[in-house]
Participant: 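Here's a structure for you.
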Amino acid sequence: MNLHNINTIARYEVKLLQRSWLFRIFAILALLLITGYTLWYLTPLLNGAETQWPRRAVSSQMPFTANALYSIAQSIIVIFLAGSFLKRDKKLDTAEVIYVRPMSNADYIVGKTWGIVRVFLTLNVITLLFTAFFNIAIARSPFSIYPYIFYILTISLPSLLFVLGLSFVAMSLLKNQAVTFIVMLGIIGMVFFYVKDELFGTFDFFGYYIPVTFSDVTGHADLKMFLLQRFIYLIAGIGFICFTIALVNRLPHKPWKIIIVNTLGALCVLVGIAAGGLYVLHYQHQLEQRNAFISTFKRYADARQAHVAAHEIDITPADGHLASVSRMQVLNQHPEELEEVVLYLNPALQVEAVEENGKALPYEREHQALKIRRALASGETVNLTLRYAGSINETICYTDVLEEDYLDNSNPQSTPVLGKRYAWLEDRFTLLTPECLWYPVAVPTDHPAAPYRIGKDFTQYTLTVLYDGDKTVLSQGEPRRENGKTVFTNRTALPGISLTIADYEKKELQVDSVKYEILYFRGHDFFSKYFTELQDTLPGIIRELKNDIELEWGRDYPFRKFVLAETPAQHHSYIRNWKGYTEYIMPEIVFVPERGIIWEADIQSQLTRMENWARRGRGITDPVEMRIEVLRSYLRGRLVDENVMYGWNWEDQYVNKFRINAMLYNHTGYIQSAKYPILDIALNTMQSSANEGFSFWGGIINDEQRANLYLENHSFKSAISDLELEPEIFYEMLKLKSNAIRNYVNTRIPKEAFEEFLKEFFVHHQFQNIPFSTFEQALESRLGISLDEYLEEWYNIDHSPTVFIKDVAAYEVVVDEITKYHISFKLNNPSDADAVITTTVQQGGNFRGGPPGMGRDDSDSPTDNYFLPAASAREIKMILDERPAFININTNISHNLPTNHRYNFSKIDDETKDTLTGCFVIDPAAFNPDPNEIIVDNEDKGFRTIASNSKHKLKDLFKKEDEEKYKNFMPWWMPSKWTAMAADYCYGETIQSAYYKNRGHGNNSVEWSADIAKSGYYEVSIWNPKMTGGFGPPMRRHREERNQTYVIHYGTEKEEITLDMEMEPEGWISIGSFYLPEGTVSITLSDAVSGRYVIADAVKFTLSR
Amino acid sequence: MNIKIKDLVKVYGDGYKALKGLNLEIEPGMFGLLGPNGAGKTTLMRIMTLLQNPSSGTILFDDYDILKDRKAIRSVLGYLPQDFRFFEKLKTWEFLDYGASLAGIQGTRKRAEVVDELLRKVGLYEVRDRWANRLSGGMKRRLGIAQAIVGDPKVIIVDEPTTGLDPEERIRFRNILSDVSDRDVIIILSTHIVGDISSTCKKLALLNRGELKFEGSPDDMIKLATGKVWEIFVTDRELQEVKEKYPIISTIPSEGGWDIQVVAEELQGFTGKPIAPNIEHAYVYFMDYLLQDKMDMYSEKIGGELFN
């Protein structure tokens, strides 16, 4: 090869490319696109949403996002240009004067490639300069030049070479630009949408789905693997370019050179494949290792566990290595002898010695398991000393998580894939949590065989860290620094401890008995400037918040310290329903990944939003007040709320990984029950969601309803072993089930009494394992309630009751010469499962507007629970001092959809003399259907939808079959097929649903048919399901006509009645009186309507007397 | 430098034999390659410029074999293809600079000098900054020849260079070429415009159907036709008769009929006077009588351009 020739060809390729219109247009579009994207998605200039925060919290996010976008756009244009480049040469005579020149084919192709690469890289640099400018000037994102360069070299360059080489080869072989373009687009599309996740992201040549983010502290999650993956495409691209040299339509200088070039090409591609193989093997090995660890956990799943009463750890951390001595007081609490003591320790930590009072004990190691040959009699305690050293194998973490989730690198908040790390043991940063088994424990962290059988072991820990550096050492307990070591002593036993050594700066504040600390990496204080004005008020705000939380959750914060500690961006933890908390939440410490990257830590955006509100005359105007409010809602949103939303879709709720309720519950005690392993979590959940109202935002098909539907034909027992259940749905189920316990208890005793009992009981038994029998006995002796029988059904029942509600009415009643209000309604449970009904009454006149349940902490909305046994009916009567606005009747876990029913009392005119209150047994016959009335609902047999046989659209073929039957009504999206919707304004005795679809031409219709047993005059009504007022997406301002034509067929007659559904009120609408002969009568409704959609619910035939 | 063509055969994929064992020696100087369309001229030139492989046989440039020493041969070649266009987005000087650079002229300044000198030589200096594809036909051709001679190649191959040019441009073009041919270079000029050859080439070869039919100087070829070209006066009726019997080279209307020139071994049934043949006459005679390959004198292509 001749450099002069290569340079010459490259120089002119650059000129030709730069002067081509296609490229110029692309360059302008790319600049606009990147600039627009950067401004809209990465900076707060145009878009103030906090959701942007993960895209700019650390310095690598902005360059990666901009670069990835450029890289994809570039690939498409390169494919096109690669085709036209070879085509251009086909204008033979032009190319021939070049071809007769004395450069080699390699010079030619390499020169061309170098020219193209130069042009695209230059444009890449220019676009990134724009991004960098925004990064520095307006993004409030840390800036570092290194990721900019790094991503150009590792993302853009390999994908450019790969796409270019592959396109060249494709073009040389296919000899048709259009076909090449389509084939290449197909390949890109396939990789991008279908095989991106296959084999650990090996095929992802854009590097879009593999971990890319750099922590500003610890760098990349796994740089070697990242570079290996990128190398695959770099070398394969070079290989393809070699093939292009061989394929170019020009005689080579020396014919044998083709063999060399082809060999070189093949070699490069093989090296690429080998690199891919290595990459896959690496992860496969990791998975194999993981499976081995899982097997080990499973093997000892049934082994009886000892209890570690006290544990002193002396640890000497170094870069990538630690050496520790553990002195443990191990106790056998079981009535039987333990043949051996089984402990668990990170498999990369080598045990050097196990001693009892200086005497070596024999032991055996099997991955994480450590079997010490020392029998332990019942009640016996042994003092063991363990010496161990080595590194930390992170693969031991989260063995109870589904492999699919374990491998899933995606992140709902951040486009750049962060990567997952669970522990660090490095000079620059150390983070060890119980999950990584950095010290020996007797109760394993994970229980992959049956996750809910996970236990807890409360141990009195003392940690001595032999570290003399400048970094901050953080662990649970009171630290004491002495002669190059830090000793942490704890006041109480804890379920586990963590160790962090980092270059932290600190903000601290003592409020009452608790010391609040924020530990952040040097230079990462992006938050305090917003709250400088709050210095004096801060203690008050914190105190108030703490009190609120304690009141809400019914427990006191049990520690003396509350720390928010920053960890690198890749620090990952999973939602594990069986744990009830993530590893971000330790006793005393909350770990927050770097700059709150997945925490939406954009305080400025929240302040700006409040300021904007204030400017429009809403909300708080005082800047200090505003900051107080931001801080309060910020802390509540991050640490207290159970769900978080990433983005604007309220349906996209995620379980909050940083909810600190575990500090008050999970870390302070443990209810042990072999029979109901989930009971500890359930009782914690029951308490932490004690004071929550019912919140239904928008549609009724939400995760809570999905959980309820699941319980219609599954038991709770089977749910806990259904690892594929989405955590969000499971969490709602857990809440339903947990609340069911409370509701059940509350049908027997007042709510306050139960809450008081709970608090007292758990505080009394703090920081220890509590056998469930202890709890049960206490409950029975104190409140006279036995849960035994109830829990049996609670856990095992695989179906739910169906509850009918009728005759909900409110009257005025005069009691002792004072006007009060009387509410009554009837309930029927014809099923064989018991039901518990919860009612909430909103008092205080005509309560209008706002979503139901908005008034969460309304103390004047009394909540009651009623037990409704299987196959029974009840009438509930209550008297209220104030005028009720509405009553919510919640059927809880039941075959009802929705489970929550709201009855408004807009008018209370009638009076009653009835002053009785309570729950009265009535005859279920009261619920028998009216013999003079026939109702055909869309859930009934007499209803059917008639769909046209119109051709399927292509897109239908690709649409996944949606498993969910009922949808929420979406005013902005109309289905083209009859779709079941559920809403509380639809008719239904237990399932309030209807069918709807978009406007059609009359090819689709529905039919209600009924058998008329007795001829006569019938009044025929249809149900108009209409969302009236209330809370929902803002409806169109102008009224839209919605004519629906009902056709009634009876005997040989046929009559049409058209109604404007928008004008008619919600509920039953009479369409007239008809003389119906005996036999079948039917009503049809087609989709030829005047509105945007047609909705079909129920019809009613009432015999006129 | 000498070029030896040895037993050169080219058979295309479809079985068409473009060259059938060609043997030819070319010495420095301007060399004309004559032949009707499909004679194999272009195939020969493409093989010579290494754009194609021969099926068998070879060509030697001195000792360099086109099958083995392509790099060496490419470094002595200059080539102007027949229907020559330019990259759309290069300026006149850039196009030349590109060629010069690939021809091995290193150093920006030196190359600029070479390029400017050449541009002056071909009279394009004034338009050096114009887009190459915006030049007029003649200018383009001059730019073409400039890029073919840049870097002082030892062998310059020019394919149909004057097709479509006006007489003035054609003369300019010839002068540029003769200028170059003063040096010790081989210029191979493939054409079917016979006039180009007589005025410039010392030697020529005539190809027909892939075979060499004549090799020698233009004068040798003219000699062959001496006494075979006649001028006769015919009436309209006779003209038709003559047309069927002999190839007519020119027809000039005259009082009561036509003065025509025909090529014939001997005139039968007409009287005319023999005239001194020129190269065109010789070519027609050669094709029609020696090769018995009757030329269609009225076809547009040849009729339009042969006798200029």
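In the text below, chain A, chain B and the rest are named by the order of the sequence lines, each starting its count at 1.
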Participant: For A:Y37, does the OH atom have more than 12 heavy-atom neighbours from other residues, nucleotides or ligands under 6.0 Å away?
Facilitator: yes

Participant: For A:V117, give me all partners under side-chain contact (heavy atoms from CB on, under 4.5 Å), at least two apart in sequence or on another chain.
Facilitator: A:T113, A:W114, A:L121, A:L157, A:L160, A:L161, A:L164

Participant: Looking at side-chain heavy atoms only, is the closest gap between B:L51 and A:L251 below 4.5 Å?
Facilitator: no

Participant: Hey, is NZ on B:K17 packed in by over 12 heavy atoms from elsewhere, all under 6.0 Å?
Facilitator: no

Participant: Which residues in residues 59-75 of chain B have a heavy atom less than 4.5 Å from any heavy atom of chain A?
Facilitator: B:L67, B:K68, B:D69, B:R70, B:K71, B:R74, B:S75

Participant: Given the options B:G151, B:G99, B:P153, B:G78, which has more heavy-atom pairs under 4.5 Å with chain A than any of the others?
Facilitator: B:G99

Participant: Going from CD on B:E94 to CG on A:L16, what distance comes out if it is rounded to the nearest 0.5 angstrom?
Facilitator: 8.5 Å

Participant: Could you tell me which of B:S101, B:G144, B:A148 has the largest number of non-hydrogen atom pairs under 4.5 Å with chain A?
Facilitator: B:S101

Participant: Looking at A:K254, I want to see if its NZ is surrounded by more than 12 non-hydrogen atoms of other residues, nucleotides or ligands under 6.0 Å.
Facilitator: yes

Participant: In Å, rounded to the nearest 0.5 Å, how long is the span from CG of B:L102 to OH of A:Y108?
Facilitator: 9.5 Å

Participant: Mind checking what makes salt bridge (Lys or Arg N to Asp or Glu O under 4.0 Å) contact with B:R128, not counting sequence neighbours?
Facilitator: B:D116

Participant: For each of A:Q18, A:H253, A:M103, tally heavy-atom pairs with chain B at distances under 4.5 Å, and name the one with the top tally.
Facilitator: A:H253

Participant: Do B:D97 and A:R11 come close enough that some side-chain heavy atom pair is under 4.5 Å?
Facilitator: yes

Participant: Do A:R19 and B:L90 touch side chain to side chain, with heavy atoms closer than 4.5 Å?
Facilitator: yes

Participant: What do you reckon, is CZ of A:R24 surrounded by more than 12 foreign heavy atoms closer than 6.0 Å?
Facilitator: yes

Participant: Any chance you could measure A:L3, atom CG, to B:Q106, atom CD, to the nearest 0.5 Å?
Facilitator: 10.0 Å

Participant: Please list all pairs passing the side chain to side chain donor-acceptor pair (under 3.5 Å) test where one or both residues lie in residues 140-150 of chain B, with sequence neighbours left out.
Facilitator: A:R101-B:Q147, B:R142-B:E169

Participant: Do other residues, nucleotides or ligands put more than 12 heavy atoms under 6.0 Å from B:Y16 OH?
Facilitator: yes

Participant: Within the 4.5 Å heavy-atom criterion, are A:V97 and B:F95 side-chain neighbours or not?
Facilitator: yes

Participant: Would you find more than 12 non-hydrogen atoms of other residues, nucleotides or ligands less than 6.0 Å from B:K6 atom NZ?
Facilitator: no

Participant: Could you measure the distance from the OH atom of B:Y98 to the CD1 atom of A:I9? Nearest 0.5 Å is fine.
Facilitator: 5.0 Å

